Chemist: 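My questions will all concern the structure given below.
Note that the numbering runs from 1 along the sequence shown for the chain. Because the structure is a prediction, the values reported are computed rather than measured. Every heavy atom of this structure was used, including side-chain atoms; hydrogens, water molecules and symmetry mates were not.
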Amino acid sequence: MTRRPRSQTVAAAVAVIFGLLTIVSGGRALFGGVDMGAVVPFVLWFNFVAGFAYVLAGIGLLRGAGWAPLLSLAIATATVAVFAAFLWHVGAGGAWEARTMGAMILRSAIWIAIAAFAFR
């Protein structure tokens, strides 16, 4: 049995934890009646649904599943695409929150890094 690099294990754990936190925070915003200010609905829904994919990718990476690096890359790509759409929304004068900008920068960076580690 081959050992996976420690960086891959850390990336997998980050994916699972980040996914669970995303599901909880997105669920609170969508279903908990919490006023989140000027949310951008497509970003909020994407992040909530993606949280489940985060957990799945993390579990796959922990188990060494062959599909997990591809899922990580798909998540990174989709996140960057939604971030680009969000930036378009902002540029067009749509309402938004500064924390959404920060969150999308963080999500993009984390998933690009996880995908990079997954392919090592």
Side-chain angles (χ1 to χ4, degrees):
M1 186 164 138
T2 59
R3 285 183 43 129
R4 79 180 144 271
R6 181 175 297 234
S7 60
Q8 244 183 343
T9 302
V10 170
V14 167
V16 170
I17 293 166
F18 195 56
L20 293 173
L21 291 172
T22 297
I23 292 166
V24 170
S25 66
R28 282 187 57 226
L30 288 167
F31 311 116
V34 177
D35 181 18
M36 300 297 290
V39 298
V40 181
F42 74 88
V43 174
L44 181 57
W45 275 103
F46 169 79
N47 287 334
F48 175 68
V49 172
F52 295 94
Y54 298 176
V55 173
L56 182 62
I59 291 169
L61 290 170
L62 282 171
R63 299 178 110 194
W67 49 264
L70 290 175
L71 179 55
S72 299
L73 180 61
I75 292 168
T77 303
T79 302
V80 170
V82 169
F83 188 24
F86 170 70
L87 291 174
W88 184 276
H89 169 81
V90 170
W96 59 286
E97 294 286 334
R99 70 176 166 248
T100 305
M101 183 71 71
M104 291 309 292
I105 291 168
L106 178 67
R107 289 177 192 286
S108 297
I110 284 175
W111 279 100
I112 290 168
I114 289 172
F117 285 120
F119 278 98
R120 281 186 164 187

Chemist: For a quick test of reading the model, state the closest non-hydrogen atom pair linking R120 to S7 and the distance between them.
Modeler: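 Scanning both residues, the minimum pair turns out to be NH1-OG, 3.7 Å.
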Chemist: State, with a plain yes or no, whether a side-chain heavy atom of V24 is found less than 4.5 Å away from one of L20.
Modeler: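 A side-chain contact under 4.5 Å is absent here.
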Chemist: Is it true that a side-chain atom of E97 and a backbone atom of V39 form a donor plus acceptor pair closer than 3.5 Å?
Modeler: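 Such a contact is absent between E97 side chain and V39 backbone.
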Chemist: What is the minimum heavy-atom distance between A76 and A115, and which atoms define it?
Modeler: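 Looking at all heavy atoms of both residues, the closest pair is CB-CB, 4.4 Å.
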Chemist: Taking a hydrophobic cluster as the set of Ile, Leu, Val, Met, Phe, Trp and Tyr residues connected by side-chain heavy atoms closer than 4.5 Å, whether directly or through intermediates, do V82 and I75 fall within one such cluster?
Modeler: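 Each belongs to a different hydrophobic cluster.
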Chemist: For A68 and G60, which heavy atoms make the closest approach, and how far apart are they?
Modeler: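 It is CB-C, 3.4 Å.
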Chemist: Is there a side-chain contact between Y54 and L21 in this structure, where contact means two heavy atoms from C-beta onward sitting under 4.5 Å apart?
Modeler: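 Side-chain contact under 4.5 Å: no.
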Chemist: Flag the pair T9 / F117 as yes when at least one side-chain heavy-atom distance between them is below 4.5 Å, and no otherwise.
Modeler: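 No, their side chains stay 4.5 Å or more apart.
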Chemist: Test side-chain contact (heavy atoms from CB on, under 4.5 Å) on L70 and F119; report intermediate values, then the result.
Modeler: CA-CA 8 Å; L70 290 175; F119 278 98; 3.9 Å; yes
Chemist: Over all heavy atoms of both residues, which pair between P69 and A118 is shortest? Give the atoms and the distance, please.
Modeler: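 Closest approach of P69 to A118, heavy atoms only: CG-O, 3.6 Å.
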Chemist: Quick one: are W111 and I114 in side-chain contact, heavy atoms under 4.5 Å?
Modeler: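 Yes, their side chains come closer than 4.5 Å.
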Chemist: Quick one: are the ring centres of F48 and F31 less than 6.0 Å apart?
Modeler: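 Yes, the ring centres sit under 6.0 Å apart.
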Chemist: I'd like to check V80 versus I112 (side-chain heavy atoms, cut-off strictly below 4.5 Å). Are they in contact?
Modeler: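 With C-beta onward as the side chain, the pair touches.
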Chemist: Can you find a pair of side-chain heavy atoms, one from L44 and one from M36, that are under 4.5 Å apart?
Modeler: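 Result no, sub-4.5 Å side-chain heavy-atom pair not found.
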Chemist: Quick one: side-chain hydrogen bond (donor to acceptor under 3.5 Å, both in side chains) pairs with a partner in residues 43-52, sequence neighbours left out?
Modeler: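 Every pair satisfying side-chain hydrogen bond (donor to acceptor under 3.5 Å, both in side chains) with a residue in residues 43-52: there are none.
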